[in-house]
Amino acid sequence: MSSANPQPLWQPDPQRIAQARITRFQSWAAEHHQAPADGGYPALHRWSVDHLDTFWKAVAEYFDVRFSTPYARVLGDRAMPGAEWFPGAMLNYAEHALRAAATRADEPALLYVDETHEPRPVSWAELRRQVGSLAAELRALGVRPGDRVSGYLPNVPQAVVALLASAAVGAVWTSCAPDFGARSVLDRFQQVEPVVLFTVDGYRYGGKEHDRGEIVAELRRELPTLRAVVHIPLLGTPAPEDTLEWSALTAADTEPEFEQVPFDHPLWVLYSSGTTGLPKAIVQSQGGILVEHLKQLGLHCDLGPEDRFFWYTSTGWMMWNFLVSGLLTGTTIVLYDGSPGYPDTGAQWRVAERTGATLYGTSAAYVMACRKAGVHPARDHDLSRVKCVATTGSPLPPDGFRWLHDEFAASGADLWIASVSGGTDVCSCFAGAVPTLPVHTGELQAPGLGTDLQAWDPAGHPVIDEVGELVVTNPMPSMPIRFWNDPDGSRYHESYFDTYPGVWRHGDWITVTSRGTVIIHGRSDSTLNRQGVRMGSADIYEVVERLPEIKESLVIGVEQPDGGYWMPLFVHLAPGAVLDEALLSRIKQAIREQLSPRHVPDEVIEVPGVPHTLTGKRIEVPVKRLLQGAPLEKAVNPGSIDNLDLLTYFEDLARKRA
């Protein structure tokens, strides 16, 4: 497999390598911490995992992390789960996120963009002032360190202010996007029992206004721990009775007070998609997120004060938290609240142009939709400031790499494409962006610094150039400190550490190539396994969705009671397309020729649509459970799905087949 793409699609030029922050970090770490001065990224990565304590000490020093109480050592207990980072240290995440206000008060910290695509700046000084005012009001409401503060908010400046004010007082932030229904929100917020709820009256999406008044009323009824509800009139409606006005809470000119908390004090709660039960409530720490995101954003993403960082996301996805952390590097962050495809498919490129984004992040699905729709981003927009286009959410197919590269190359641009892979579980990347390494089509550049990423076979042996389980053999600072409501840690343990004791198993199939790159093949818990040969669903999607007639697809491998194996491919057709014999044979021929005869499905079935999680990921495991005969209420958590009607189709199909 390592010889599949021997020639890189892109190489950074010597000037880019010399100017990259990771290059400067390596020189500095060589001088101060005996890191290797030569050998480039591979040598630095090897050092970072072999000398884990020294590496993280170097990151904290290089980025001038302010410990109000110094740490005794970098790593106390190294065991996973339960690794103990920087014991004894006290700090505050929000204090670091607002540091640029001291030197760049009038420059924009945030650029807010709605569907008019007109950016509106919020300066560093104004952001700091609002955080100071709101933090003081939260304290006046009796919010104390460890209390939970929740937001039912779109990607607007108020959400960033509320997160930072919560962190400033040592409270624990948690958020959901307003396109989540009441049940989905309650499945999450009821677990953590918030004392304050920030909420909008509604939101705008796809050119329409969506009123959320009734849902907010239901949330208030069903969250008995709430002491206060803060109303943000995005649609201009008056504040409901017994709510507080956002404008009143953020009006004062108050210097923020930053509660000094232990390194492992909880910063926020994120949630797994919750497709098969209640979402896991994942708790990450102030210090762990701070140092992990400084590494990831400041070194891997190469972000600094002169950059503008835009990632298309919502407050219900970890990428929003990751985006907010761009403030840690002094970067201006771009908040886009609206449909990714309004008024047309090229909308996100227009936002990148209007905001002067230097790093633009999106989903692999959006890139492929643009390719199919005949969008020409670099021809039709001035994207001269974009240095990097990054993608996540699902593997970017090789065609996506080539299309992005060719579209930008045609305009003379030198585009770095960074496909990254990580998880809500660590709110970071295991592998992906390295500004000093070449990019190979369909591959992630390398594992991240300090991350001992390996592919393991079922016996727990590392494999190279073969498909294996994604494992991480050393602790990362942003790994969960715990799950909420998991007092004995059993749910946390079974989520990652049941398969290989003491080693994090993430649930993805990957190949680590002999070049050191990483290929993601899809989720290992929905893996296709024919006659003992494991195949990733992502490989099949990539081939099938190149066909213009196929809008989206879903492949499932179902073990049969008689020992047989049924592998159907479900296809959602583009408007006007017909699943006739000609298209059927083209689908099968493409899979046979580009993958193998073993990858060819047993049946190709047209479906009205492909179901997704609320964060846009295709749902494979619940569909597999339905096809194995599980009732809908046992196979899936209805509140986690974008379109429940699509799942009843699969339930009916299973019934007919039975």
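The shortest heavy-atom contact between Tyr41 and Ala446 is CE2-CB, 3.7 Å.
For the pairing with Glu407, the side-chain hydrogen bond (donor to acceptor under 3.5 Å, both in side chains) check across Arg371, His376, Arg402, Arg379 returns one residue only, His376. When each of Asp414, Leu437, Thr441 is paired with Trp10, the side chain to side chain contact (heavy atoms under 4.5 Å, CB included) condition holds for Asp414 and for no other.
Atom CD of Glu581 sits in a sparse spot, with 12 or fewer heavy atoms from other residues, nucleotides or ligands closer than 6.0 Å. By the 6.0 Å contact criterion, CG on Asp38 is open, its count of non-hydrogen atoms from other residues, nucleotides or ligands being 12 or less. Few gaps surround NZ on Lys372; more than 12 heavy atoms of other groups in view lie less than 6.0 Å from it.
No side-chain donor from either of Ser339 and Glu115 sits under 3.5 Å from a side-chain acceptor of the other. There is no side-chain donor-acceptor pair under 3.5 Å between Asp307 and Thr331. A donor-acceptor contact closer than 3.5 angstrom is absent between the side chains of Glu443 and Thr513.
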* To do: Test Lys295 against Glu292 for salt bridge (charged side-chain N to carboxylate O under 4.0 Å, His left out), laying out the working first.
  => CA-CA 5 Å; Lys295 176 208 79 173; Glu292 174 65 35; 3.1 Å; yes
* Intermediate values then yes/no, salt bridge (charged side-chain N to carboxylate O under 4.0 Å, His left out), Arg546 and Glu593 -> CA-CA 14 Å; Arg546 280 183 196 162; Glu593 289 176 359; over 6 Å; no
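Comment: Arg204 does not engage Asp114 in a salt bridge, judged by the lack of any side-chain N to carboxylate O separation of less than 4.0 angstrom. Under a 4.0 Å N-O distance rule, the pair Glu306/Arg21 qualifies as a salt bridge.
By the 4.5 Å heavy-atom criterion applied to side chains, Gln19 and Pro435 are not counted as neighbours. Side chains of Leu579 and Leu584 form a contact here, defined as non-hydrogen atoms less than 4.5 Å apart.
When the ring-ring contact (aromatic ring centres under 6.0 Å, His included) test is applied to Tyr360, the partners found at least two apart in sequence or on another chain are Phe310, Trp349.
The aromatic rings of Trp311 and Phe309 stand perpendicular to each other, their planes meeting at an angle above 60°, with 30° marking the opposite boundary.
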